[in-house]
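First the structure, in the form of C-alpha cells, and then the observations on it.
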Amino acid sequence: MVYLKHKFAKISLGIYLILNLVFAPVVNATEIIISDNGTGSDNSVSMEVGTTTIVEQTNNVNVENNVTVNSNTGDNVASDNSGDFVEITTGSTTTNIGIENNLNTSTASVSCCESNLSAEINGNGTGSGNNINVIEASSTTASINQTATVINTVQGHSNTGRNTADNNNGNVSITTGKIEIIGKIINGPINTSIINLPSGTSGFNAKVGSNGSDSKNAIFVDLLGNSSLYIINNAYLINDVNWDLETGKNVASDNNGNVSIDSGDILFDFFISNNANINITDITCCDIFDPGEPEEKQEEEEETPEEEVNEEDSDDDNDDDGEILDEAAATEAGGPGIAGLSDTSSENAQTLFFWAGLIMMILGVRFIGQNISSKKLEIFKN
C-alpha cells in the first residue's frame, strides 16, 4: 500500500512537470547589438521602451437599515374586584439588535517589471563609431474612488408598566417585569484600500568590449520611473437610535386593603462604532539590476559625459575583456540558438515544446493506467 502511494506521488509530480513544460511561458528578451562592423564605420541605434500600468477602481454603495421593535407586557387592568387579594405581575422583555456594515474594499498590487533589455557593442573595427541610445520608461497610475452612504435607524418601544388596579376590596400588588435592551451598530471597515505600487525601473544590462583600436563606443541609457496614486474616500454615516422604555405609570386607587407597587428595572446597553476611510499604501522601489563587478577598461581618450550610464570604451586590442551575456547565445544575438535551451521564443522551439510535452503526457497516462490495473489486487489484499 505504501509502495502504491509513493508511485502515485511520483506520477503526480511527473504530470505536473509535463504540464509546466507544455505550457511554459515564452521568454522574450530585447537585445540591442552592434557588432562585427568594418573599419571606420559609424553605427547608431536609438530605442524607446515604455511600460504603462493603470489601475482604476470605483466603489459606490448606499445602505439603509431600518429596525422597529415594539414589545409590551403591561397595560393590564384589575379593578372593581371583591376578593381578598388582587395581584398583577408582568413579564420581562429582552431585545437584542445587531447591525453591521462592511463596505467598499479595494486591493491593488502591481509588481515591478523585470528588465529584459540589454545592449552590447562588441567586435567592431578600428576607428569605428558606435552609439546606442536607450530610453526605458515605466509609469504606474492607481486611482481609487470610494463612496459609501450608510443610514441606520433603530426605533423601539418596550413597556411592562401602565397597569391599573382600582376599587378593589382586598389587598393589591402590582409587580412589573424588567426591560433589557442590548444593541450594537458597527459601521466598518468602510472605504478600505490596500495599495502596493512599484516605483522606478528594474535596470538595464549593458556591455562594451572587444572593439578595435581608436574606436569610439558609447551606450546612453535614461531610466525613468513614475508612480502616481490617487485615493478619494467619502463616507456619510447616520446612526439614529430612538427608544421608549417604560416600567412605571402603574395605578392602584380606591382600594380597601394594602397596596404594593414594584416596578422593574430598565437596562439599556447600546454600542455604536464607526470605522471608515482606511488607506494602507506601500510604494516600493524596484530592485535595480546589478551587472556585477565593473570591467577593467583601457584608458579613454576623452572624459565620459555625466549622462552616460555605462562607460565609453576605446579598445586598443581585440581581447574579449567583457562578460558574455546569457542572451548572446540566442539566435537574435547571433549565437547558436539551441532550441529549448537558449532559444525559447522561436517557432521551432515552441513546436518542440508542444510535441515533447504531448508525447510525455501520453506516456504518463499509459503508465498510470498500467499501475492502477496492476495494483488493484494488492490494494484489496491490504
Side-chain angles (χ1 to χ4, degrees), residues 20 23 25 49-70 94-116 136-158 180-203 223-243 245 267-289:
N20 276 277
F23 301 103
V49 179
T51 301
T52 301
T53 302
I54 299 176
V55 178
E56 293 183 357
Q57 295 182 355
T58 301
N59 297 323
N60 295 313
V61 65
N62 297 313
V63 177
E64 185 171 352
N65 299 307
N66 294 315
V67 179
T68 301
V69 178
N70 186 8
T94 301
T95 303
N96 291 316
I97 297 175
I99 298 176
E100 185 172 352
N101 300 303
N102 188 349
L103 312 169
N104 290 352
T105 300
S106 295
T107 302
S109 180
V110 181
S111 301
C112 294
C113 295
E114 295 184 2
S115 177
N116 289 324
E136 183 182 8
S138 174
S139 176
T140 303
T141 301
S143 178
I144 310 297
N145 190 348
Q146 300 182 131
T147 301
T149 300
V150 180
I151 300 176
N152 300 307
T153 302
V154 179
Q155 295 180 346
H157 174 74
S158 185
E180 183 176 325
I181 304 296
I182 299 175
K184 64 180 179 180
I185 297 176
I186 298 178
N187 297 311
I190 295 176
N191 293 347
T192 301
S193 62
I194 303 174
I195 310 299
N196 182 11
L197 292 182
S199 178
T201 61
S202 56
L223 303 178
L224 304 175
N226 181 45
S227 297
S228 300
L229 178 61
Y230 305 93
I231 299 177
I232 299 176
N233 292 328
N234 294 312
Y236 305 94
L237 305 176
I238 298 177
N239 300 305
D240 185 7
V241 179
N242 187 5
W243 280 92
L245 310 176
L267 172 62
F268 183 80
D269 184 2
F270 214 94
F271 175 75
I272 297 176
S273 174
N274 298 311
N275 190 1
N277 296 345
I278 303 170
N279 300 312
I280 301 175
T281 303
D282 184 17
I283 299 179
T284 58
C285 295
C286 295
D287 294 332
I288 300 300
F289 175 79

>> To the closest 0.5 Å, what do you measure between CG (Leu267) and CD1 (Ile182)?
In response: 6.0 Å

> Would Ile195 and Ile144 satisfy side chain to side chain contact (heavy atoms under 4.5 Å, CB included), going step by step from the backbone distance to the final call?
Replying inline: CA-CA 9 Å; Ile195 310 299; Ile144 310 297; 3.9 Å; yes

> Can you check whether Leu229 reaches Leu197 side chain to side chain, under 4.5 Å on heavy atoms?
Replying inline: yes

> Between Asn152 and Val241, is a side chain to side chain contact (heavy atoms under 4.5 Å, CB included) present by the stated rule, with each step listed?
Replying inline: CA-CA 8 Å; Asn152 300 307; Val241 179; over 6 Å; no

>> Consider side-chain contact (heavy atoms from CB on, under 4.5 Å). Of Asn65, Ile186, Ile185, which one does Glu100 pass it with?
In response: Ile186

> What residues form a side chain to side chain contact (heavy atoms under 4.5 Å, CB included) with Ile232, not counting sequence neighbours?
Replying inline: Asn145, Asn234

> How many angstroms lie between atom OG1 of Thr149 and atom CD1 of Ile190, to the nearest 0.5 angstrom?
Replying inline: 9.5 Å

>> Test side chain to side chain contact (heavy atoms under 4.5 Å, CB included) on Val63 and Ile151; report intermediate values, then the result.
In response: CA-CA 6 Å; Val63 177; Ile151 300 176; over 6 Å; no

> Say you draw a straight line from NE2 of His157 to CG of Asn70; how long is it, rounded to the nearest 0.5 Å?
Replying inline: 5.5 Å

> If you look at every heavy atom in Asn233 and Gln146, which pair is closest and at what distance?
Replying inline: OD1-NE2, 3.1 Å

Tell me which donor-acceptor pairs under 3.5 Å the side chains of residues 268-278 have, and how far apart each pair is, sequence neighbours excluded?
residue, atom, partner, partner atom, Å
Asn274, OD1, Asn187, ND2, 2.8
Asn274, OD1, Asn239, ND2, 3.2
Asn277, OD1, Asn191, ND2, 3.1

> Closest heavy-atom contact between Asn59 and Thr105?
Replying inline: ND2-O, 4.1 Å

> When rounded to the nearest 0.5 angstrom, what distance separates OG1 in Thr147 from CG in Asn62?
Replying inline: 9.0 Å

> Will you find, in the side chains of Asn279 and Ser193, an N or O donor that is under 3.5 Å from an N or O acceptor?
Replying inline: yes

> Can you tell me how far OG1 of Thr94 sits from CD1 of Ile181, rounded to the nearest 0.5 angstrom?
Replying inline: 8.0 Å

>> Show, in sequence, the C-alpha distance, side-chain angles and deciding distance for Asn104 and Ser106, and conclude whether the side chain to side chain contact (heavy atoms under 4.5 Å, CB included) test is met.
In response: CA-CA 7 Å; Asn104 290 352; Ser106 295; over 6 Å; no

> Is Ile99 close to Val154 at the side-chain level, that is, under 4.5 Å between some pair of heavy atoms?
Replying inline: yes

